[in-house]
Amino acid sequence: MALWGGRFSTGPDEAFKLFNDSLPFDYQLAEQDIIGSVAWAGALKQVNVLNQQEYDDLVAALNKLLDEVKANPQAVAGAGHEDIHSYVESALIDKVGDLAKKLHTGRSRNDQVATDFRLWCRDTAEHILEAIAELKGEFIALAERELGTILPGYTHLQRAQPVLFSHWCMAYVEMLERDESRLTDAKNRMNYCPLGSGALAGTAYPIDRQTLAEGLGFTAATRNSLDAVSDRDFVVELLSCASISMIHLSRMAEDLIFYNSGEAGFIELSDGVTSGSSLMPQKKNPDALELIRGKTGRVFGAFSAMMMTLKALPLAYNKDMQEDKEGLFDAMPTWLACIHMAQACIKGIKVNADKTLAAAKGGHSNATELADYLVAKGIPFREGHHIVGTLVQMAISKGNNLEDLSLEQFKSVHSIFESDVYPVLEIDACIKARQALGGTSVEQVSNAIEYAKKNGK
Ligand code: ARG
């Protein structure tokens with residue numbers, strides 16, 4: 001049954017119906033639509049459109065319907081109605097007859113869908129926040145487990161300076177914390193209730209919208225009906241949170257794919273998150289991480305699609321806005337699945353500390369220490385930088401690390417070098433020197449772990 005047949009002499013073309021119907025995807029709003037309808041029934045009772053008995057009958061039928069749609073959501077998807085709002089109304093008519101037709105008094109699908117969708121977004125954001133907190137916990141656990149492990153730190157994918165493996169872990173905890181904070185902000189901003197805005201101009205019934213909003217767990221009612229039915233900023237914000245977070249997850253994936261490569265051999269991923277090759281028996285591929293990296297594009301695609309759809313839409317509701325759902329319905333579960341998969345990967349990582357240490361010792365990544373040594377002896381940093389560059393060149397030509405050069409070789413470049421240069425070049429000294437806040441010394445990284453444990457909800 002369509003909600004709007006009176007003005008029309010024929011029904012929609014089959015092709016148009018297929019094109020126009022949103023039930024095949026907005027069935028996912030069934031629970032929210034019913035919960036919103038229960039609240040709306042309460043508002044109608046408050047303004048005496050429904051008497052107590054009618055209200056009780058409607059709410060009992062809506063609750064029954066809620067159980068039914070929860071038990072079999074897919075049946076809703078295929079029911080053939082125009083959208084979830086038509087479906088719920090029609091299912092309600094089947095249960096309570098004409099009484100159900102009173103429920104749409106003073107309400108429009110425009111304020112209804114805006115309310116349903118915000119409820120869905122709020123629930124989804126909460127699930128994602130929980131998952132991010134768990135992933136942070138997994139990184140922190142790994143950081144604690146590997147506190148002594150030294151890893152080459154890279155810039156330009158060239159070994160730059162050694163860092164603690166745990167410092168790498170805690171870098172992602174920082175990113176995830178920002179993801180959490182962004183999502184929490186977005187959730188708080190979206191938590192205003194459009195119901196009672198009508199089609200665009202507001203409802204003609206003296207509904208107490210504040211009470212209605214609070215009953216649905218919203219902070220307050222929206223303040224402008226035109227904006228309330230037209231606003232999809234919350235969808236854009238969620239997709240933007242998702243995209244930024246996916247960027248972080250993809251960078252983590254990329255780091256780990258490299259660390260797991262045969263060339264690096266720094267880590268081994270667990271069998272549980274890798275797969276084999278159908279042809280090459282030796283292979284153990286980091287598919288979970290590659291998929292996280294790959295799905296980033298898909299989430300960002302949903303974000304850019306939503307931006308384009310909204311651009312230059314006139315106020316108030318336009319059917320273009322029905323396009324707000326499929327991208328989000330795809331992107332949010334994708335994001336959530338990636339967070340879960342990232343957690344599984346981090347949990348099962350085995351770090352090969354000998355390999356990471358050997359790699360960190362190579363690549364002349366203690367060269368900065370040598371420049372600082374010269375600074376301590378009174379040589380200006382720029383000059384020290386040049387002297388060390390010459391020594392690196394010498395070491396490379398001899399196939400050596402800096403610490404393998406003899407004192408004579410050091411002195412041949414500058415007479416200021418003494419045997420006290422050698423302790424400075426030890427890898428532990430490189431790590432230990434990074435004592436300032438945010439550095440990679442064991443103390444600083446331990447502080448970061450403690451901080452994250454205290455502040456992570
Ligand atoms: N299925 C529609 C959507 O998702 C519901 C709102 C319909 N409103 C309307 N005026 N046709 O946007």
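Order of appearance sets the numbers: ligands from 1, and atoms from 1 within every ligand.
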### Task
Hey, can you tell me if Trp120 and Phe329 have their rings parallel, tilted or perpendicular (30° and 60° cut-offs)?
perpendicular

### Query
Are Arg182 and Asp179 within salt-bridge range, i.e. N to O under 4.0 Å?
yes

### Query
What protein heavy atom sits nearest atom 1 (N) of ligand 1, and how far off is it?
Gln322 OE1, 2.8 Å

### Query
Non-hydrogen atoms of His85 versus ligand 1: any pair closer than 4.0 Å?
yes

### Task
May I ask you to identify the nearest protein heavy atom to atom 8 (N) of ligand 1, giving residue, atom name and distance to one decimal place in Å?
Asn110 OD1, 2.9 Å

### Query
Quick check, are the ring centers of Phe303 and Phe300 under 6.0 angstrom apart?
yes

### Query
Do Asp428 and Lys432 sit within salt-bridge range, that is, some charged N less than 4.0 Å from a carboxylate O?
no

### Task
Heavy-atom contacts with Val113 under 4.0 Å: which atoms of ligand 1 show up? List them by number with element.
4 (O)

### Query
Quick one: which ligand 1 atoms are inside 4.0 Å of a heavy atom on Lys325?
3 (C), 4 (O), 12 (O)

### Task
Answer yes when Arg118 and Asp231 have at least one side-chain N-carboxylate O distance shorter than 4.0 Å, and no when they do not.
yes

### Task
List the closest protein heavy-atom neighbour of atom 11 (N) of ligand 1: residue, atom name, distance to the nearest 0.1 Å.
Arg109 NH2, 3.8 Å

### Task
Would you mind checking if Lys64 and Glu68 are paired as a salt bridge, meaning a charged N to carboxylate O distance below 4.0 Å?
yes

### Query
If you measure from atom 3 (C) of ligand 1 to every heavy atom of Tyr317, Phe117, Phe25, which option wins on shortest distance?
Tyr317

